[in-house]
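Here the structure comes first, spelled out in structure tokens, and everything after it is commentary.
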Amino acid sequence: QVHLMESGGGVVQPGTSLRLSCAASGLDFSGYAMHWVRQAPGRGLEWVSFISYDGNTKHYADFVEGRFTVSRDNSKNTLYLQMNSLRAEDTAVYFCARDGWTAVTKYYFDFWGQGTLVTVSS
Amino acid sequence: DIQMTQSPSSLTASLGDRVTITCRASQSISSYLNWYQKKPGKGPKLLIYAASILQSGVPSRFSGSGSGTDFTLTISSLQPEDFASYYCQQSHSVPPFTFGGGTKVEIK
């Protein structure tokens with residue numbers, strides 16, 4: 001049974017940092033790319049970041065502007081999102097998701113965690 | 001970047017109703033379109049991928065169709081557990097992995 005569990009959220013002041021973690025179980029973590037997606041209060045889903053199965057390829061949404069870094073430790077089955085220079089507009093629930101990519105269907109996010117809330121406020 | 005536009009943004013329906021949600025891409029995305037269900041306090045759930053492939057475990061009342069720029073998610077007979085928000089997402093030209101703005105399905 002696939003399980004993804006995010007942690008590390010909290011209330012922080014603007015300009016500070018936070019590191020989110022996503023612990024995976026029940027899946028071949030090292031064999032899949034992963035994503036971070038967020039949902040601000042009352043808003044829709046917004047893709048944040050992608051990391052390939054081996055960590056060698058990373059992509060970010062434009063709004064990240066060099067502030068976030070995605071990484072993974074396949075030996076620990078854990079995905080990370082280091083978020084620096086946080087802004088009020090980064091306030092959201094952050095989800096990790098597995099990418100079920102195939103050559104025929106391309107990318108789709110087939111398993112998701114429950115999310116962790118990040119609140120940026122002074 | 002490809003923009004994804006969903007309509008309507010919200011709808012009200014009764015149990016047993018047939019519900020249709022549309023998603024339009026700003027340019028052709030072939031069949032690389034996914035649909036997700038999102039309930040408050042829970043992570044999103046994949047319903048349909050590659051426009052029409054039903055994810056394992058998803059009830060058959062959900063179906064997807066379309067290609068190019070216009071896509072549809074249909075719920076053939078609305079059940080109590082289907083009241084939620086629904087999002088489309090394109091995976092043709094990435095990054096970014098763009099989501100539509102969402103459609104909230106509420107009880108009439």
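Reminder, nothing fancy here: chain letters follow the sequence lines and each chain counts from 1.
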Counting N and O atoms only, with roles assigned by atom type, does the side chain of [X] sit under 3.5 Å from a partner on the main chain of [Y], one being a donor and the other an acceptor?
{"X": "A:Lys106", "Y": "B:Ser91", "answer": "no"}
{"X": "A:Gln114", "Y": "B:Gly43", "answer": "yes"}
{"X": "A:Asp110", "Y": "B:Lys45", "answer": "no"}

Worksheet item: A:Phe50 vs B:Phe97 aromatic rings, parallel, tilted or perpendicular, using cut-offs 30° and 60°?
Response: parallel

State whether the number of non-hydrogen atoms from other residues, nucleotides or ligands found under 6.0 Å of [X] atom [atom1] is greater than 12.
{"X": "B:Lys104", "atom1": "NZ", "value": "no"}
{"X": "B:Phe83", "atom1": "CZ", "value": "yes"}
{"X": "A:Arg43", "atom1": "CZ", "value": "no"}
{"X": "B:Arg24", "atom1": "CZ", "value": "no"}

State, with a plain yes or no, whether a side-chain heavy atom of [X] is found less than 4.5 Å away from one of [Y].
{"X": "B:Pro44", "Y": "A:Leu45", "value": "yes"}
{"X": "A:Thr105", "Y": "B:Asn34", "value": "no"}
{"X": "A:Val37", "Y": "B:Phe99", "value": "yes"}
{"X": "B:Tyr36", "Y": "A:Trp112", "value": "yes"}
{"X": "B:Leu46", "Y": "A:Phe109", "value": "no"}

Fill in: Proximal component of A:Glu6, with respect to chain B [non-hydrogen, under 4.5 Å]
neither

Do [X] and [Y] belong together in a cluster built from hydrophobic side chains that touch within less than 4.5 Å?
{"X": "B:Leu73", "Y": "B:Tyr87", "value": "no"}
{"X": "B:Ile29", "Y": "B:Ile53", "value": "no"}
{"X": "A:Trp101", "Y": "A:Tyr53", "value": "no"}
{"X": "B:Trp35", "Y": "B:Tyr32", "value": "no"}
{"X": "A:Leu81", "Y": "A:Leu86", "value": "yes"}

Worksheet item: Looking at B:Gly101, B:Pro96, B:Gly102, B:Ser56, which makes the most heavy-atom pairs under 4.5 Å with chain A?
Response: B:Pro96

Worksheet, complete the sentence: In short, A:Tyr107 meets B:Val94 closest at the heavy-atom pair CE1-CG2, 3.4 Å

Practice prompt. Might you point out which heavy atoms bring A:Phe95 and B:Lys42 nearest each other, and give the distance in Å?
Written response: CE2-O, 3.9 Å

Item to complete: Would you mind checking which part of B:Leu33 comes under 4.5 Å of any heavy atom in chain A, side chain (CB onward), backbone (N, CA, C, O), both or neither?
Response: neither

